[in-house]
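Remarks on the structure that follows.
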Amino acid sequence: MAAAAYELALMTAAHVAEKGVHKVRLSLVTPESAPLELFGPAASETVRELLDERGIELHLARCPSRFEDGRLALVPGEPLSAERVVSLPRLAGPQLAGLPSDSDGFIPVDLNGLVRGEQDVYAAGDATNSAIKQGGIAAQQADAAAAAIAAGAGAPVEPEPFRPVLRGLLLTGSTPRFMRTEVSGGRGEEWRVSDHALWWPPSKIAGKRLAPYLALRHAELDEEPAGLPVDMEVPEAGSRQRALSARRTGASVAR
Ligand SMILES: Cc1cc2nc3c(=O)[nH]c(=O)nc-3n(C[C@H](O)[C@H](O)[C@H](O)COP(=O)(O)OP(=O)(O)OC[C@H]3O[C@@H](n4cnc5c(N)ncnc54)[C@H](O)[C@@H]3O)c2cc1C
């Protein structure tokens, strides 16, 4: 997930500033035409401002191709001088034997998670050919597949095709940002960005069942789930977590 590169840049900048190291120059290179463009223009603007504030150079619409002798070759454009480069890996699918895969090794599925060309085989998550690889998206795909499987087994549920809603919690080295967008046609639409929680529990992995499960596991361990002040409507889920968080932060919680 490209957001990890932005988090690394922002958190490194916050860290070096805290340590009083002034000679570090940070650059972020991305093939995107705007920062985190999948999350929509408001998120791009917010991230651009954060990068500016931290003095991080942004190189858009560039693909790094090679790093040699302290020079990072960019396509298109001039090379960039750098002592160290952290690059995100190119994604490749698992190419599972006995199942179809696309040219990159990912399992092709329909909007109910049914593997194309198969009758009773379902898949969800990063191994599939979903355009966005993200934990929250994987959980939504799994919800759609579970409903289709249950309906196929005769349960009284209506299968609901997967309609991706991208929720990203961006760590910035100071106040995190919550970004939410409904994704259609490969781009973010109906976007929102906030420094307050836009979903509940306010976790990095936003899944209808997975996130409350993970938060409650913390609670069982006598640790309160991570909580942030909430001043807006959030979906009805996990009133216990809301109460715990409100108690901890002294926040009032909109219902
Ligand atoms: C640095 C980084 C930051 C991220 N941050 C976020 C974030 O903030 N929010 C978010 O929602 N997502 C984030 N993601 C993406 C998220 O981690 C993935 O989208 C998510 O884990 C996908 O879940 P999955 O179950 O499909 O696959 P995975 O979590 O990869 O699970 C697949 C499992 O299958 C196992 N496996 C693989 N092959 C086999 C085999 N042949 N037999 C048996 N087992 C096998 C693997 O060991 C693994 O345990 C981040 C990813 C990275 C790399």
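What you see is a predicted model, and the numbers here were worked out from it, not measured in a lab. Order of appearance sets the numbers: ligands from 1, and atoms from 1 within every ligand.
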With atom 23 (O) of ligand 1 as the reference point, say which of Ala138, Ser203, Ala139 has the nearest heavy atom.
Ala138
With side chains defined as the heavy atoms from C-beta onward, is the minimum distance between Val165 and Val183 less than 4.5 Å?
no
Rounded to the nearest 0.5 Å, the CD1 atom of Ile132 sits from the CD atom of Gln141 at a distance of 9.5 Å
Find all atoms of ligand 1 within a distance of less than 4.0 Å from any non-hydrogen atom belonging to Lys204, and give their numbers and elements.
7 (C), 8 (O), 9 (N), 10 (C), 11 (O)
Are Trp199 and Phe178, when compared by the centres of their aromatic rings, separated by less than 6.0 Å?
yes
Interfacing atoms of ligand 1 (cut-off 4.0 Å, heavy-atom, Ile205):
9 (N), 10 (C), 11 (O), 12 (N)
Which of the numbered atoms in ligand 1 are below 4.0 angstrom from a heavy atom of Asp126?
18 (C), 19 (O), 20 (C), 22 (C), 26 (O)
Quick one: are Leu8 and Val86 in side-chain contact, heavy atoms under 4.5 Å?
yes
Flag the pair Arg209 and Asp143 as a salt bridge only when some basic side-chain nitrogen lies within less than 4.0 angstrom of an acidic carboxylate oxygen.
yes
Close N or O approach (Gly125, ligand 1; < 3.5 Å):
no
N or O contact, Gly136 vs ligand 1, cut-off under 3.5 Å:
yes
